[in-house]
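This report refers to the structure that appears directly beneath it.
Letters A, B, ... are given to chains in the order of the sequence lines, protein chains preceding strands, and every chain is numbered from 1. Everything numeric here is computed off the predicted structure, so don't read it as measured data.
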Amino acid sequence: MKRTDIRRLLEREAGLEAVRVCGWVRTRRDAKGISFLELNDGSCLRNLQVILEGSLAEEGLLKRLTTGCAVAVEGALVASPAAGQRWELRARGLEVLGEADPESYPLQKKRHRDEFLRGIAHLRPRTNKYGALFRIRSEAAFAVHRFFRERGFFHLHSPILTGSDCEGAGELFRVTTLREPPPAAGGENPWAEDFFGREAHLTVSGQLEAELFACALGRVYTFGPTFRAENSNTPRHAAEFWMIEPEMAFADLEDDLELAEALVKQLVHHLREHCREDLELFARWVDPELPARLENLVARPYARIPYAEAVRILQAAGEPFEFPVQPGADLQTEHERFLCERHVGRPVFVTDYPKEIKPFYMRVNDDGRTVAAMDLLVPRVGELVGGSQREERLAVLERRMEETGLPREPYWWYLDIRRYGTVPHAGFGLGFERFLMLATGVANIRDVIPFPRTPRSLEF
RNA sequence: UCCCCGAUAGCUCAAUCGGCAGAGCGGGUGGCUGUUAACCACUAGGUUGCAGGUUCGAGUCCUGCUCGGGGAGCCA
(Lines give C-alpha, C1' and ligand atoms only; values in the text may rest on other atoms or scores of the structure.)
Protein backbone atom coordinates (compact mmCIF):
# COMPACT_ATOMS: atom_id res chain seq x y z
CA MET A 1 0.00 0.00 0.00
CA LYS A 2 1.25 3.48 -0.83
CA ARG A 3 1.62 5.91 2.00
CA THR A 4 -0.66 8.91 2.39
CA ASP A 5 0.51 12.27 3.76
CA ILE A 6 -0.91 13.04 7.17
CA ARG A 7 -1.94 16.43 5.82
CA ARG A 8 -4.23 14.70 3.30
CA LEU A 9 -5.81 12.53 5.97
CA LEU A 10 -6.50 15.38 8.38
CA GLU A 11 -8.23 17.35 5.60
CA ARG A 12 -10.64 14.54 4.82
CA GLU A 13 -14.40 14.77 5.15
CA ALA A 14 -14.92 11.02 5.51
CA GLY A 15 -13.01 8.16 7.12
CA LEU A 16 -11.03 5.50 5.26
CA GLU A 17 -11.02 1.75 5.76
CA ALA A 18 -7.36 1.18 4.87
CA VAL A 19 -4.51 3.68 4.83
CA ARG A 20 -0.77 3.61 5.35
CA VAL A 21 1.13 6.47 6.99
CA CYS A 22 4.83 6.80 7.68
CA GLY A 23 6.45 9.26 10.04
CA TRP A 24 8.30 9.97 13.24
CA VAL A 25 6.85 9.47 16.72
CA ARG A 26 6.59 12.71 18.65
CA THR A 27 5.20 11.24 21.88
CA ARG A 28 3.57 8.11 23.18
CA ARG A 29 0.96 7.98 25.92
CA ASP A 30 -0.01 4.67 27.49
CA ALA A 31 -3.31 3.68 29.03
CA LYS A 32 -4.55 0.28 30.13
CA GLY A 33 -4.41 -1.97 27.10
CA ILE A 34 -4.24 1.01 24.74
CA SER A 35 -1.49 3.37 23.63
CA PHE A 36 -1.55 6.63 21.73
CA LEU A 37 1.16 7.73 19.31
CA GLU A 38 1.51 11.27 18.07
CA LEU A 39 2.84 10.75 14.57
CA ASN A 40 4.30 13.52 12.40
CA ASP A 41 5.47 13.08 8.82
CA GLY A 42 6.45 16.67 8.06
CA SER A 43 3.62 17.21 5.59
CA CYS A 44 1.98 19.61 8.01
CA LEU A 45 2.28 20.97 11.51
CA ARG A 46 -0.33 18.70 13.04
CA ASN A 47 0.24 15.14 14.20
CA LEU A 48 -1.92 12.14 13.54
CA GLN A 49 -3.02 10.26 16.66
CA VAL A 50 -2.44 6.56 16.19
CA ILE A 51 -4.33 4.06 18.37
CA LEU A 52 -2.52 0.87 19.38
CA GLU A 53 -4.54 -1.90 20.99
CA GLY A 54 -4.28 -5.63 21.57
CA SER A 55 -1.03 -7.14 20.31
CA LEU A 56 0.12 -3.72 19.11
CA ALA A 57 0.00 -2.42 22.68
CA GLU A 58 2.24 -5.19 23.95
CA GLU A 59 5.20 -4.15 26.11
CA GLY A 60 8.04 -5.34 23.88
CA LEU A 61 6.82 -3.26 20.96
CA LEU A 62 5.94 -0.21 23.04
CA LYS A 63 9.47 -0.07 24.42
CA ARG A 64 10.74 0.56 20.88
CA LEU A 65 8.18 3.27 20.12
CA THR A 66 10.06 6.16 21.68
CA THR A 67 10.21 9.83 20.78
CA GLY A 68 11.99 10.24 17.46
CA CYS A 69 11.62 6.72 16.12
CA ALA A 70 10.34 6.15 12.57
CA VAL A 71 7.36 3.92 11.90
CA ALA A 72 5.00 2.79 9.15
CA VAL A 73 1.42 2.22 10.29
CA GLU A 74 -1.52 0.67 8.46
CA GLY A 75 -5.07 0.83 9.66
CA ALA A 76 -8.37 2.66 9.44
CA LEU A 77 -8.91 6.40 9.60
CA VAL A 78 -11.83 6.85 11.97
CA ALA A 79 -13.50 9.74 13.76
CA SER A 80 -11.89 10.21 17.16
CA PRO A 81 -14.23 9.58 20.09
CA ALA A 82 -12.19 11.84 22.36
CA ALA A 83 -11.71 15.58 22.29
CA GLY A 84 -8.52 17.02 20.85
CA GLN A 85 -8.60 15.74 17.30
CA ARG A 86 -11.16 15.00 14.64
CA TRP A 87 -9.47 11.96 13.12
CA GLU A 88 -7.34 9.16 14.44
CA LEU A 89 -5.73 6.10 12.93
CA ARG A 90 -6.84 2.78 14.41
CA ALA A 91 -3.76 0.67 13.70
CA ARG A 92 -3.92 -2.87 12.40
CA GLY A 93 -0.24 -3.20 11.68
CA LEU A 94 2.90 -1.29 12.65
CA GLU A 95 6.47 -1.58 11.48
CA VAL A 96 9.36 0.12 13.27
CA LEU A 97 11.52 1.52 10.48
CA GLY A 98 14.16 3.14 12.65
CA GLU A 99 14.56 3.25 16.40
CA ALA A 100 15.73 6.32 18.32
CA ASP A 101 17.59 5.63 21.55
CA PRO A 102 15.74 7.73 24.15
CA GLU A 103 18.90 8.03 26.26
CA SER A 104 20.67 9.99 23.56
CA TYR A 105 17.97 11.43 21.27
CA PRO A 106 18.35 15.16 21.88
CA LEU A 107 14.85 16.39 21.07
CA GLN A 108 12.23 16.36 23.76
CA LYS A 109 8.65 17.46 23.83
CA LYS A 110 9.49 20.57 25.75
CA ARG A 111 10.74 23.64 23.94
CA HIS A 112 14.43 24.12 23.34
CA ARG A 113 16.38 27.31 22.96
CA ASP A 114 17.10 28.34 19.38
CA GLU A 115 20.81 28.40 20.19
CA PHE A 116 20.70 24.74 21.24
CA LEU A 117 18.75 23.70 18.16
CA ARG A 118 21.29 25.43 15.93
CA GLY A 119 23.84 22.96 17.24
CA ILE A 120 21.64 20.10 16.00
CA ALA A 121 20.57 21.62 12.70
CA HIS A 122 20.21 18.14 11.22
CA LEU A 123 17.40 17.35 13.68
CA ARG A 124 15.76 20.71 14.23
CA PRO A 125 13.43 20.44 11.20
CA ARG A 126 11.77 17.64 13.19
CA THR A 127 10.53 20.19 15.71
CA ASN A 128 7.21 21.94 15.26
CA LYS A 129 8.77 25.38 14.93
CA TYR A 130 11.46 24.55 12.39
CA GLY A 131 9.24 22.20 10.43
CA ALA A 132 6.77 25.07 10.09
CA LEU A 133 9.53 27.51 9.25
CA PHE A 134 10.99 25.49 6.42
CA ARG A 135 7.58 24.71 4.97
CA ILE A 136 6.99 28.48 4.95
CA ARG A 137 10.39 29.06 3.35
CA SER A 138 9.54 26.62 0.58
CA GLU A 139 6.14 28.18 -0.02
CA ALA A 140 7.61 31.68 -0.08
CA ALA A 141 10.13 30.62 -2.72
CA PHE A 142 7.30 29.29 -4.85
CA ALA A 143 5.42 32.56 -4.38
CA VAL A 144 8.45 34.49 -5.65
CA HIS A 145 8.45 32.58 -8.92
CA ARG A 146 4.71 32.87 -9.23
CA PHE A 147 4.82 36.65 -8.69
CA PHE A 148 7.35 37.23 -11.45
CA ARG A 149 5.85 34.74 -13.85
CA GLU A 150 2.48 36.48 -13.60
CA ARG A 151 4.18 39.75 -14.52
CA GLY A 152 6.05 38.50 -17.56
CA PHE A 153 9.49 38.19 -15.96
CA PHE A 154 11.91 35.46 -17.03
CA HIS A 155 13.96 33.60 -14.45
CA LEU A 156 17.65 34.17 -15.11
CA HIS A 157 20.18 31.68 -13.75
CA SER A 158 23.03 34.05 -13.08
CA PRO A 159 26.45 32.50 -12.44
CA ILE A 160 27.67 31.53 -8.98
CA LEU A 161 31.32 31.60 -10.02
CA THR A 162 32.41 35.01 -11.16
CA GLY A 163 35.51 36.82 -12.26
CA SER A 164 34.30 40.28 -11.41
CA ASP A 165 33.65 41.56 -7.93
CA CYS A 166 30.32 43.00 -9.16
CA GLU A 167 29.43 46.37 -7.69
CA GLY A 168 32.15 45.93 -5.07
CA ALA A 169 29.46 44.92 -2.64
CA GLY A 170 31.29 43.46 0.28
CA GLU A 171 34.20 41.10 0.74
CA LEU A 172 34.55 38.16 -1.64
CA PHE A 173 35.12 34.47 -1.16
CA ARG A 174 37.98 33.48 -3.40
CA VAL A 175 37.66 30.25 -5.38
CA THR A 176 40.81 28.46 -6.37
CA THR A 177 42.19 25.01 -7.16
CA LEU A 178 45.74 26.04 -6.29
CA ARG A 179 47.25 24.34 -3.26
CA GLU A 180 49.39 27.35 -2.42
CA PRO A 181 48.16 30.92 -2.92
CA PRO A 182 50.34 32.84 -5.37
CA PRO A 183 52.62 35.54 -3.97
CA ALA A 184 50.93 38.90 -3.48
CA ALA A 185 52.86 40.60 -6.26
CA GLY A 186 53.48 37.56 -8.42
CA GLY A 187 54.32 38.67 -11.91
CA GLU A 188 51.97 39.81 -14.62
CA ASN A 189 49.19 37.31 -13.82
CA PRO A 190 49.65 35.63 -10.46
CA TRP A 191 46.63 33.40 -11.15
CA ALA A 192 47.85 32.13 -14.51
CA GLU A 193 48.20 28.58 -13.15
CA ASP A 194 44.76 28.58 -11.50
CA PHE A 195 41.69 26.85 -12.94
CA PHE A 196 40.32 29.90 -14.73
CA GLY A 197 43.70 31.49 -15.33
CA ARG A 198 42.54 34.50 -13.38
CA GLU A 199 41.18 35.40 -9.97
CA ALA A 200 37.76 33.84 -9.31
CA HIS A 201 35.14 34.40 -6.64
CA LEU A 202 31.71 33.38 -5.46
CA THR A 203 29.14 35.90 -6.58
CA VAL A 204 27.97 38.65 -4.25
CA SER A 205 25.10 39.61 -6.54
CA GLY A 206 23.55 38.64 -9.84
CA GLN A 207 22.62 42.23 -10.59
CA LEU A 208 25.12 43.03 -13.32
CA GLU A 209 24.27 39.86 -15.23
CA ALA A 210 20.57 40.54 -14.69
CA GLU A 211 21.01 43.99 -16.25
CA LEU A 212 22.54 42.39 -19.34
CA PHE A 213 19.59 40.05 -19.71
CA ALA A 214 16.98 42.69 -18.90
CA CYS A 215 18.40 44.59 -21.85
CA ALA A 216 17.53 41.62 -24.04
CA LEU A 217 14.52 39.82 -22.55
CA GLY A 218 12.91 42.93 -21.10
CA ARG A 219 12.11 41.74 -17.61
CA VAL A 220 14.16 39.16 -15.71
CA TYR A 221 14.87 38.16 -12.14
CA THR A 222 17.46 36.09 -10.36
CA PHE A 223 16.72 34.09 -7.25
CA GLY A 224 19.63 32.22 -5.80
CA PRO A 225 22.47 32.10 -3.31
CA THR A 226 24.94 34.93 -2.88
CA PHE A 227 28.09 35.00 -0.79
CA ARG A 228 29.77 37.67 1.30
CA ALA A 229 32.97 37.05 3.22
CA GLU A 230 32.42 39.89 5.66
CA ASN A 231 33.20 39.24 9.27
CA SER A 232 29.85 40.57 10.34
CA ASN A 233 28.33 38.92 13.35
CA THR A 234 24.76 40.09 13.64
CA PRO A 235 21.33 38.46 13.68
CA ARG A 236 20.68 39.89 10.20
CA HIS A 237 23.77 38.78 8.25
CA ALA A 238 24.97 35.47 6.87
CA ALA A 239 27.87 34.57 4.61
CA GLU A 240 25.55 32.65 2.29
CA PHE A 241 22.07 34.01 1.69
CA TRP A 242 19.49 34.07 -1.05
CA MET A 243 18.62 37.18 -2.95
CA ILE A 244 15.76 38.04 -5.26
CA GLU A 245 17.00 40.47 -7.91
CA PRO A 246 14.55 41.65 -10.57
CA GLU A 247 15.73 43.90 -13.36
CA MET A 248 13.44 45.74 -15.78
CA ALA A 249 14.27 47.45 -19.07
CA PHE A 250 12.33 50.59 -20.02
CA ALA A 251 11.73 51.29 -16.34
CA ASP A 252 12.56 54.07 -13.91
CA LEU A 253 12.75 54.43 -10.13
CA GLU A 254 8.98 54.80 -9.84
CA ASP A 255 8.48 51.44 -11.57
CA ASP A 256 11.09 49.98 -9.24
CA LEU A 257 9.29 51.17 -6.11
CA GLU A 258 5.97 49.84 -7.35
CA LEU A 259 7.45 46.44 -8.13
CA ALA A 260 9.16 46.10 -4.74
CA GLU A 261 6.01 47.05 -2.86
CA ALA A 262 3.87 44.67 -4.93
CA LEU A 263 6.34 41.83 -4.38
CA VAL A 264 6.45 42.17 -0.59
CA LYS A 265 2.69 42.47 -0.39
CA GLN A 266 2.01 39.49 -2.62
CA LEU A 267 4.46 37.30 -0.71
CA VAL A 268 2.65 38.16 2.52
CA HIS A 269 -0.73 37.49 0.95
CA HIS A 270 0.44 34.18 -0.42
CA LEU A 271 1.77 32.98 2.92
CA ARG A 272 -1.33 34.07 4.79
CA GLU A 273 -3.39 32.07 2.34
CA HIS A 274 -1.25 28.95 2.04
CA CYS A 275 0.60 28.69 5.38
CA ARG A 276 -2.11 29.62 7.84
CA GLU A 277 -1.47 26.90 10.43
CA ASP A 278 2.30 27.24 10.30
CA LEU A 279 2.07 31.03 10.66
CA GLU A 280 -0.23 30.65 13.66
CA LEU A 281 2.56 28.81 15.45
CA PHE A 282 4.79 31.85 15.09
CA ALA A 283 2.07 34.21 16.23
CA ARG A 284 1.50 32.01 19.29
CA TRP A 285 5.05 31.14 20.33
CA VAL A 286 7.49 33.50 18.63
CA ASP A 287 5.93 36.92 18.13
CA PRO A 288 2.42 37.77 19.39
CA GLU A 289 2.50 40.95 17.28
CA LEU A 290 2.98 38.96 14.08
CA PRO A 291 -0.60 39.14 12.73
CA ALA A 292 -0.69 42.89 13.25
CA ARG A 293 2.71 43.34 11.66
CA LEU A 294 1.75 41.27 8.61
CA GLU A 295 -1.41 43.33 8.26
CA ASN A 296 0.73 46.47 8.47
CA LEU A 297 2.75 45.18 5.50
CA VAL A 298 -0.25 44.89 3.22
CA ALA A 299 -2.81 47.40 4.53
CA ARG A 300 -1.61 50.71 3.12
CA PRO A 301 0.71 52.16 0.50
CA TYR A 302 4.29 52.32 1.74
CA ALA A 303 5.63 55.73 2.73
CA ARG A 304 8.17 57.44 0.49
CA ILE A 305 10.73 59.89 1.79
CA PRO A 306 13.62 61.39 -0.17
CA TYR A 307 16.92 61.24 1.67
CA ALA A 308 17.11 65.03 2.11
CA GLU A 309 13.70 65.08 3.75
CA ALA A 310 14.62 62.11 5.92
CA VAL A 311 17.60 64.06 7.21
CA ARG A 312 15.36 67.05 8.02
CA ILE A 313 12.89 64.81 9.84
CA LEU A 314 15.64 63.22 11.88
CA GLN A 315 17.22 66.55 12.75
CA ALA A 316 13.85 67.96 13.83
CA ALA A 317 12.94 64.85 15.82
CA GLY A 318 14.73 65.96 18.95
CA GLU A 319 15.85 62.37 19.53
CA PRO A 320 18.99 61.68 21.55
CA PHE A 321 20.65 59.68 18.79
CA GLU A 322 23.95 58.07 19.65
CA PHE A 323 25.27 59.21 16.28
CA PRO A 324 24.20 62.70 15.21
CA VAL A 325 22.46 63.01 11.86
CA GLN A 326 24.95 64.21 9.26
CA PRO A 327 23.66 65.45 5.90
CA GLY A 328 25.56 63.64 3.19
CA ALA A 329 26.40 60.63 5.34
CA ASP A 330 24.59 57.31 5.31
CA LEU A 331 21.79 56.82 7.80
CA GLN A 332 22.69 54.89 10.95
CA THR A 333 20.66 51.88 11.99
CA GLU A 334 19.07 53.90 14.80
CA HIS A 335 18.05 56.56 12.28
CA GLU A 336 16.46 54.01 9.98
CA ARG A 337 14.60 52.44 12.86
CA PHE A 338 13.28 55.80 14.02
CA LEU A 339 12.04 56.71 10.55
CA CYS A 340 10.35 53.42 9.94
CA GLU A 341 9.10 52.31 13.33
CA ARG A 342 8.34 55.61 15.04
CA HIS A 343 7.93 58.32 12.42
CA VAL A 344 5.81 56.57 9.76
CA GLY A 345 4.98 53.34 11.58
CA ARG A 346 5.03 51.20 8.46
CA PRO A 347 7.38 50.28 5.60
CA VAL A 348 9.09 53.28 4.08
CA PHE A 349 11.13 53.84 0.94
CA VAL A 350 14.00 56.25 1.37
CA THR A 351 15.02 57.54 -2.06
CA ASP A 352 17.50 59.80 -3.81
CA TYR A 353 20.60 59.34 -1.66
CA PRO A 354 23.75 61.41 -2.19
CA LYS A 355 25.76 59.77 -4.95
CA GLU A 356 28.89 59.66 -2.78
CA ILE A 357 27.45 56.98 -0.51
CA LYS A 358 26.02 54.78 -3.26
CA PRO A 359 27.59 52.46 -5.86
CA PHE A 360 28.74 53.57 -9.30
CA TYR A 361 25.90 51.99 -11.28
CA MET A 362 23.07 54.05 -9.80
CA ARG A 363 21.63 56.68 -12.11
CA VAL A 364 22.67 60.26 -11.38
CA ASN A 365 19.68 62.55 -10.90
CA ASP A 366 19.28 65.87 -12.71
CA ASP A 367 20.60 67.73 -9.66
CA GLY A 368 23.96 66.04 -10.24
CA ARG A 369 24.32 65.35 -6.52
CA THR A 370 21.91 62.51 -5.82
CA VAL A 371 21.17 59.16 -7.44
CA ALA A 372 17.88 57.42 -8.24
CA ALA A 373 18.31 54.96 -5.38
CA MET A 374 15.87 53.42 -2.98
CA ASP A 375 16.03 51.44 0.24
CA LEU A 376 12.93 49.82 1.66
CA LEU A 377 13.03 49.95 5.45
CA VAL A 378 10.68 47.70 7.40
CA PRO A 379 10.03 47.47 11.14
CA ARG A 380 12.42 45.21 13.09
CA VAL A 381 14.34 43.90 10.10
CA GLY A 382 15.63 47.23 8.80
CA GLU A 383 16.76 47.29 5.20
CA LEU A 384 14.75 44.69 3.30
CA VAL A 385 15.28 45.96 -0.24
CA GLY A 386 17.99 48.00 -1.90
CA GLY A 387 17.63 49.11 -5.49
CA SER A 388 17.93 51.84 -8.05
CA GLN A 389 17.42 53.01 -11.56
CA ARG A 390 20.66 52.12 -13.33
CA GLU A 391 22.90 54.60 -15.09
CA GLU A 392 22.24 53.98 -18.77
CA ARG A 393 24.30 56.90 -20.16
CA LEU A 394 27.72 55.64 -21.16
CA ALA A 395 29.60 58.88 -20.53
CA VAL A 396 28.02 59.41 -17.12
CA LEU A 397 28.69 55.80 -16.10
CA GLU A 398 32.34 56.02 -17.16
CA ARG A 399 32.75 59.23 -15.19
CA ARG A 400 31.21 57.59 -12.12
CA MET A 401 33.55 54.61 -12.40
CA GLU A 402 36.45 56.98 -12.57
CA GLU A 403 35.24 58.89 -9.52
CA THR A 404 34.88 55.69 -7.51
CA GLY A 405 38.24 54.34 -8.66
CA LEU A 406 36.90 51.38 -10.63
CA PRO A 407 38.89 50.15 -13.65
CA ARG A 408 36.84 50.07 -16.86
CA GLU A 409 38.56 47.14 -18.51
CA PRO A 410 37.02 44.29 -16.44
CA TYR A 411 33.57 45.77 -17.01
CA TRP A 412 33.84 46.05 -20.80
CA TRP A 413 30.70 43.91 -21.22
CA TYR A 414 28.76 46.00 -18.71
CA LEU A 415 29.72 49.16 -20.58
CA ASP A 416 28.85 47.56 -23.92
CA ILE A 417 25.21 47.46 -22.86
CA ARG A 418 25.33 51.28 -22.69
CA ARG A 419 27.18 51.41 -26.00
CA TYR A 420 24.68 49.40 -28.02
CA GLY A 421 20.97 50.09 -27.70
CA THR A 422 21.08 51.44 -24.18
CA VAL A 423 17.74 51.92 -22.39
CA PRO A 424 16.58 53.17 -19.02
CA HIS A 425 16.34 50.25 -16.65
CA ALA A 426 15.94 49.60 -12.95
CA GLY A 427 16.04 46.81 -10.43
CA PHE A 428 16.54 45.87 -6.81
CA GLY A 429 17.71 43.17 -4.46
CA LEU A 430 15.51 41.71 -1.77
CA GLY A 431 17.08 39.57 0.94
CA PHE A 432 14.99 36.42 1.02
CA GLU A 433 15.97 35.52 4.58
CA ARG A 434 15.18 39.00 5.79
CA PHE A 435 11.74 38.66 4.30
CA LEU A 436 11.32 35.34 6.12
CA MET A 437 12.33 36.97 9.40
CA LEU A 438 9.72 39.61 8.76
CA ALA A 439 7.06 37.06 7.83
CA THR A 440 7.62 34.80 10.85
CA GLY A 441 8.93 37.12 13.57
CA VAL A 442 12.07 35.00 13.89
CA ALA A 443 14.78 37.32 15.23
CA ASN A 444 17.96 35.61 14.00
CA ILE A 445 18.81 34.96 10.34
CA ARG A 446 20.53 31.72 11.41
CA ASP A 447 17.12 30.33 12.23
CA VAL A 448 15.52 30.85 8.81
CA ILE A 449 18.35 29.12 6.91
CA PRO A 450 18.50 25.31 6.90
CA PHE A 451 22.24 25.22 7.48
CA PRO A 452 23.45 28.77 8.11
CA ARG A 453 26.95 29.85 7.18
CA THR A 454 28.43 32.54 9.40
CA PRO A 455 31.98 33.40 10.50
CA ARG A 456 33.63 30.33 12.09
CA SER A 457 30.54 28.22 11.54
CA LEU A 458 30.47 25.57 8.79
CA GLU A 459 29.08 22.46 10.47
CA PHE A 460 26.70 20.29 8.43
C1' U B 1 36.42 43.79 13.54
C1' C B 2 34.88 46.90 18.08
C1' C B 3 31.79 47.34 22.82
C1' C B 4 28.74 44.74 26.50
C1' C B 5 26.79 40.10 28.61
C1' G B 6 26.92 34.90 29.28
C1' A B 7 28.70 29.39 29.66
C1' U B 8 26.46 24.81 36.16
C1' A B 9 23.04 17.35 34.94
C1' G B 10 20.64 15.26 28.26
C1' C B 11 17.39 20.15 28.17
C1' U B 12 15.70 24.87 30.85
C1' C B 13 17.62 27.12 34.93
C1' A B 14 18.89 28.07 40.61
C1' A B 15 23.04 28.17 44.13
C1' U B 16 22.83 34.75 49.34
C1' C B 17 29.16 37.51 51.46
C1' G B 18 34.35 33.02 48.54
C1' G B 19 32.25 27.92 52.75
C1' C B 20 28.34 20.45 51.82
C1' A B 21 26.32 21.62 43.65
C1' G B 22 20.14 21.79 43.59
C1' A B 23 15.10 21.94 41.13
C1' G B 24 11.78 21.21 37.05
C1' C B 25 11.62 18.74 32.53
C1' G B 26 13.73 14.64 29.86
C1' G B 27 15.71 9.22 30.75
C1' G B 28 15.14 4.39 33.60
C1' U B 29 11.87 1.29 36.98
C1' G B 30 6.97 0.49 39.07
C1' G B 31 1.75 2.08 39.42
C1' C B 32 -2.85 4.37 37.36
C1' U B 33 -5.82 6.06 33.51
C1' G B 34 -9.51 6.76 25.79
C1' U B 35 -4.78 9.42 26.68
C1' U B 36 -3.56 14.33 24.51
C1' A B 37 2.26 19.70 27.55
C1' A B 38 -1.21 13.04 30.88
C1' C B 39 -0.79 11.83 36.23
C1' C B 40 1.64 9.41 41.00
C1' A B 41 6.01 7.06 43.38
C1' C B 42 11.05 5.63 43.22
C1' U B 43 15.82 6.04 40.73
C1' A B 44 20.28 7.10 37.89
C1' G B 45 22.67 11.28 36.14
C1' G B 46 28.21 16.64 37.44
C1' U B 47 36.23 17.31 35.94
C1' U B 48 30.46 23.88 37.11
C1' G B 49 33.26 25.47 28.70
C1' C B 50 39.08 25.02 28.44
C1' A B 51 44.04 26.52 30.53
C1' G B 52 46.39 29.01 34.31
C1' G B 53 46.37 32.23 38.85
C1' U B 54 44.78 34.27 43.98
C1' U B 55 43.04 31.75 48.58
C1' C B 56 42.93 27.49 54.31
C1' G B 57 38.93 26.94 50.79
C1' A B 58 36.69 28.99 43.97
C1' G B 59 30.53 27.47 40.31
C1' U B 60 31.50 32.38 42.69
C1' C B 61 37.52 36.59 42.41
C1' C B 62 41.76 37.57 38.45
C1' U B 63 44.25 36.56 33.38
C1' G B 64 44.13 34.19 28.63
C1' C B 65 41.47 31.15 25.17
C1' U B 66 37.00 28.78 22.95
C1' C B 67 31.93 28.98 22.06
C1' G B 68 27.15 31.55 22.41
C1' G B 69 23.94 36.04 22.87
C1' G B 70 22.94 41.49 22.41
C1' G B 71 24.56 46.17 20.27
C1' A B 72 27.72 48.74 16.41
C1' G B 73 30.08 48.85 11.63
C1' C B 74 29.26 46.56 6.64
C1' C B 75 24.99 45.34 4.00
C1' A B 76 20.41 42.18 1.76
Mind checking the [atom1] distance from [N] to [M]? Whole angstroms is fine.
N	M	atom1	answer
A41(B)	G24(B)	P	10 Å
G64(B)	A72(B)	C1'	25 Å
G59(B)	C50(B)	P	12 Å
G71(B)	G28(B)	P	40 Å
C62(B)	C5(B)	P	11 Å
C25(B)	C39(B)	P	8 Å

Which of [range] sit near RNA chain B, with a heavy atom under 4.0 Å from it?
range	result
residues 448-460 of chain A	Arg456(A)
residues 431-439 of chain A	Gly431(A), Arg434(A)
residues 331-357 of chain A	Gln332(A), Thr333(A)

Just by distance, no angles: are the side chains of [X] and [Y] close enough, under 3.5 Å, to form a donor-acceptor pair?
X	Y	result
Gln207(A)	Tyr361(A)	yes
Arg126(A)	Asn40(A)	no
Thr222(A)	Glu209(A)	no
Asn444(A)	Asp114(A)	no
Arg228(A)	Thr226(A)	no

Identify, with sequence neighbours excluded, every residue that meets side chain to side chain contact (heavy atoms under 4.5 Å, CB included) alongside Cys44(A).
-> Ile6(A), Arg7(A), Leu10(A), Arg46(A)
Please list, chain by chain and in numerical order, all residues satisfying side chain to side chain contact (heavy atoms under 4.5 Å, CB included) with Arg29(A), sequence neighbours excluded.
->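 Testing Arg29(A) for side chain to side chain contact (heavy atoms under 4.5 Å, CB included), a comparison that skips the adjacent residues, returns Thr27(A), Phe36(A), Glu38(A), Gln49(A).
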Given [options], which nucleotide is nearest the side-chain atoms of [X]?
X	options	value
Thr234(A)	U33(B), C75(B), A72(B)	A72(B)
Gln49(A)	U35(B), A72(B), A76(B)	U35(B)
Pro81(A)	A76(B), G69(B), G34(B)	G34(B)
Glu88(A)	G28(B), G34(B), A76(B)	G34(B)
Phe36(A)	U35(B), G70(B), A76(B)	U35(B)

Map every base of RNA chain B to its dot-bracket character, where paired means a Watson-Crick or G-U wobble contact with both distances under 3.5 Å and | marks a partner outside the strand.
-> (((((((..((((.....[..)))).(((((.......))))).....(((((..]....))))))))))))....
Note: for Leu430(A) and Thr67(A) on RNA chain B, the residue whose nearest nucleotide lies more 5' is Thr67(A)
Across the strands shown, which category fits [X] at heavy-atom distances under 4.0 angstrom: base, sugar-phosphate, nothing?
X	result
Ile51(A)	base
Val385(A)	sugar-phosphate
Asn444(A)	sugar-phosphate
Arg26(A)	nothing
Leu377(A)	nothing
Ser80(A)	base

Can you find a donor-acceptor pair, distance only, under 3.5 Å between Arg90(A) side chain and G34(B) base?
-> yes
For the residue pair Tyr221(A) and Phe153(A), categorise the inter-ring angle as parallel (less than 30°), tilted (30 to 60°) or perpendicular (more than 60°).
->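 Judged by the thresholds at 30° and 60°, the geometry between Tyr221(A) and Phe153(A) is perpendicular.
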Readout for nucleotides 39-49 of chain B: B = base within 4.0 Å of protein heavy atom, S = sugar-phosphate only, - = neither; 5' to 3' it is -----------
Quick tally for nucleotides 6-12 of chain B: nucleotides whose base has a protein heavy atom under 4.0 Å get B, sugar-phosphate-only ones S, the rest -, giving ----BSS
Counting only heavy atoms not in Phe213(A), do more than 12 sit closer than 6.0 Å to its CZ atom?
-> no
Neighbour count above 12 (heavy atom, 6.0 Å) for Arg149(A) CZ =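 At most 12 heavy atoms, drawn from other residues, nucleotides or ligands, come within 6.0 Å of this atom.
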Can Glu139(A) and His270(A) be said to form a side chain to side chain donor-acceptor pair (under 3.5 Å), step by step?
-> CA-CA 8 Å; Glu139(A) 194 61 35; His270(A) 185 97; 2.6 Å; yes
For [X], which residues count as a ring-ring contact (aromatic ring centres under 6.0 Å, His included) partner, sequence neighbours excluded?
X	result
Trp242(A)	Phe223(A)
Tyr353(A)	Tyr307(A)
His112(A)	Phe116(A)

Charged N-O contact under 4.0 Å between [X] and [Y]:
X	Y	result
Lys358(A)	Asp375(A)	yes
Glu392(A)	Arg390(A)	no
Arg337(A)	Glu334(A)	no
Arg400(A)	Glu391(A)	no

Whole-Å distance separating the CD atom of Glu322(A) from the C1' atom of C4(B) |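 Going from CD in Glu322(A) over to C1' in C4(B) covers 12 Å.
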OP1 or OP2 of U29(B) less than 4.0 angstrom from a side-chain nitrogen or oxygen of Lys63(A), does that happen here?
->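 It does, given that an N or O in the side chain of Lys63(A) lies less than 4.0 Å from OP1 or OP2 of U29(B).
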Residue among His237(A), Arg446(A), Arg137(A) satisfying side-chain hydrogen bond (donor to acceptor under 3.5 Å, both in side chains) with Glu433(A) |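 Among His237(A), Arg446(A), Arg137(A), the one meeting side-chain hydrogen bond (donor to acceptor under 3.5 Å, both in side chains) with Glu433(A) is Arg137(A).
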For residues 278-287 of chain A, tabulate all N or O donor-acceptor pairs below 3.5 Å that involve a side-chain atom, not counting sequence neighbours.
| residue | atom | partner | partner atom | Å |
| --- | --- | --- | --- | --- |
| Asp278(A) | OD1 | Arg135(A) | NH2 | 3.1 |
| Asp278(A) | OD2 | Arg135(A) | NE | 3.0 |
| Glu280(A) | OE2 | Arg276(A) | NH1 | 3.1 |
| Asp287(A) | OD1 | Glu289(A) | N | 3.0 |
| Asp287(A) | OD2 | Arg293(A) | NE | 3.0 |
| Asp287(A) | OD2 | Arg293(A) | NH2 | 2.4 |
| Asp287(A) | OD2 | Arg380(A) | NH1 | 3.2 |

